[in-house]
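Worksheet: the structure to be examined is printed underneath.
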Amino acid sequence: MTDKIRLGRYLQTALIIGDLAIITLAYILSYTIFDVSPEFKSKWVWLAVNVAFLPSAFAFSDIHRMRILYADRVVLQAFKSTVVYGATIVSLFYVLGISDVGWKSGFVFIFLYFCLVSCWWLLAHKVLKKVRRMGLNFKRVIVVGANSNSLILKNELQSDAGYGYRIMGYFDDDSSKLTEFSDYYTAPLHRIPEFVLKNNIDLIFYTLDVGNAKPLADVMVVADELGIEFVYVPNFSPTLRGHFVQSQVGSLPVMTHTISPLTKHWNCMLKRAFDLLLTLPVIILSPLWVLPIAIGIKLSSPGPVFFRQTRTGIRGRDFTCYKFRTMRANADADKLQATENDPRKTRFGDFLRRSSLDELPQFFNVLLGNMSLVGPRPHMVSQTEDYSRLISKYMVRHAVKPGISGWAQVNGYRGGTKHLWQMEKRVEYDVWYIHNWNIFLDIKIVFLTIFNAFKGESNAY
């Protein structure tokens with residue numbers, strides 16, 4: 001136990017030193033590589049930018065202790081940290097009367113800090129996961145309650161050894177429920193204090209109904225007296241599982257369901273700005289890609305250059321989606337999905353599909369505002385009608401704008417869906433994206449889409 005505590009402290013100390021080293025590195029790079037003002041190279045400025053880090057370090061001190069964290073969330077936390085850090089620097093410079101540094105120097109330093117701290121936190125997170133997979137820096141955990149929530153919790157904690165959770169036992173007064181967890185130590189609730197002391201438990205997850213106040217109070221006393229972290233897992237039904245935000249109605253605490261961060265106006269504006277930032281250059285340069293592709297389509301078969309199809313958009317509203325035509329004119333274009341060896345495709349059209357170039361006209365849809373760069377792929381109206389009856393959360397996909405690419409596509413779920421489970425997985429990824437959206441997740445998906453386009457995908461047909 002002592003070695004484990006010491007290792008945890010050493011790691012936390014090393015990570016904090018790393019954060020401070022990033023500040024110094026960004027500071028040095030600012031005046032050695034970039035043309036910043038000479039006044040920026042001052043020991044007082046260096047001291048100020050280090051002191052200004054304290055509020056950010058305090059506000060985001062949990063970043064190195066969070067065990068289940070995705071890369072885009074790490075970058076999002078780095079961005080928030082940078083905003084707080086930048087605001088503190090400006091305030092501190094004003095208080096100290098440091099006014100000759102210049103906005104350009106400050107912007108260069110903050111930008112470098114954001115890039116470096118993002119890379120550093122991502123690297124540190126990867127290293128910590130590797131350390132935990134080696135059996136170090138783990139947390140000993142017990143779960144109070146044997147129910148469906150306990151089972152879901154077990155699957156989450158054990159899904160990646162890099163999270164560093166070691167489940168030591170399950171406790172419940174109903175012995176029949178404990179049989180499902182027979183691979184672990186099981187016991188009634190009154191054995192918890194003895195077990196916690198004997199096994200040096202670090203964390204207690206409580207999954208029982210809080211309506212029964214006695215066991216809840218007893219377990220919380222154990223946690224408080226021994227200084228153990230206590231986490232209550234709400235006993236939500238499958239219907240209620242989702243994105244909930246804690247709020248209050250007067251003095252009463254409540255949980256408010258929000259289907260997506262994109263319900264907030266600010267996030268919608270940010271996503272739209274990102275769309276336009278990347279879309280406008282593509283539109284301006286459109287003659288360079290429209291003309292050669294149009295010539296190839298015309299030479300491959302008679303018919304129009306563009307294919308227009310009604311698809312389902314945000315809130316279930318239909319819109320006209322644009323693509324380059326890849327098939328010979330046929331009566332089934334709005335009913336049947338393309339298959340791998342579809343005889344309707346032209347040879348040039350097959351190339352456009354496999355390279356994803358047939359999707360380029362959808363940048364015009366993004367400009368018009370009925371699509372986004374990233375989001376669930378829009379489906380044909382006939383597919384929406386069919387799958388909405390077969391898949392329970394299918395229509396949740398339409399809570400946000402459809403996208404040229406999406407989380408499902410970069411995870412391999414694109415192209416035709418021969419089996420129902422393929423569409424179910426696609427919907428699962430789409431719904432996860434909607435619940436967990438942030439701007440850095442969009443950036444990640446854009447990069448993965450470009451990478452996959454150059455690499456080529458077997459499901460692109």
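One-based numbering along the sequence shown.
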Angle between ring planes, Phe109 versus Phe40, binned at 30° and 60°: parallel, tilted or perpendicular?
tilted
Inspect the contact between Asp318 and Arg311 and indicate whether a charged nitrogen and a carboxylate oxygen are less than 4.0 angstrom apart.
no
Exercise: do Asn147 and Ser150 side chains pair donor with acceptor under 3.5 Å:
yes
Does the side chain of Thr326 come under 3.5 Å of the side chain of Asp358 through a donor N or O and an acceptor N or O?
no
List the steps and the verdict of side chain to side chain contact (heavy atoms under 4.5 Å, CB included) for Val75 and Phe79.
CA-CA 6 Å; Val75 178; Phe79 178 76; 5.6 Å; no
Quick one: closest heavy-atom pair of Leu373 and Val366, and the distance?
N-CG2, 4.0 Å
Is the shortest side-chain N to carboxylate O distance from Lys139 to Glu229 below 4.0 Å?
yes
Any donor-acceptor pair under 3.5 Å linking the side-chain atoms of Asp430 with those of Trp407?
no
Side chains of Ser56 and Ser81: donor-acceptor distance under 3.5 Å anywhere?
yes
Any donor-acceptor pair under 3.5 Å linking the side-chain atoms of Asn411 with those of Tyr433?
no
Salt-bridged, Arg133 to Asp160, with N to O below 4.0 Å?
yes
Write down the atom of Ser260, the atom of Ile434, and the distance for their closest heavy-atom approach.
OG-O, 2.7 Å
Heavy atoms only: give me the nearest Phe93-Val49 pair and the separation to one decimal.
CZ-CG1, 4.2 Å
Ignoring hydrogens, what is the shortest heavy-atom contact between Leu357 and Phe324? Give both atom names and the distance.
O-CD1, 3.4 Å
Tell me, which pairs form a side-chain hydrogen bond (donor to acceptor under 3.5 Å, both in side chains) where one or both residues lie in residues 279-294, sequence neighbours left out?
none
In terms of the angle between their ring planes, are Tyr31 and Tyr27 parallel, tilted or perpendicular, with boundaries placed at 30° and 60°?
perpendicular
Closest heavy-atom pair, Lys129 versus Tyr163, reported as atoms and distance to 0.1 Å, is NZ-CE2, 4.1 Å
Side-chain ion pair, Glu424 and Lys393, N-O less than 4.0 Å:
no
Counting heavy atoms not belonging to Lys41, are there more than 12 under 6.0 Å from its NZ?
no
Is the closest side-chain donor-acceptor distance between Tyr70 and His125 under 3.5 Å?
no
What about Tyr165 and Phe138, are their ring centers closer than 6.0 Å?
no
Nearest heavy atoms of Pro261 and Asn267, plus distance in Å:
O-ND2, 2.8 Å
Give a yes or no on whether a salt bridge exists between Arg354 and Asp350, defined as a side-chain N under 4.0 angstrom from a carboxylate O.
yes
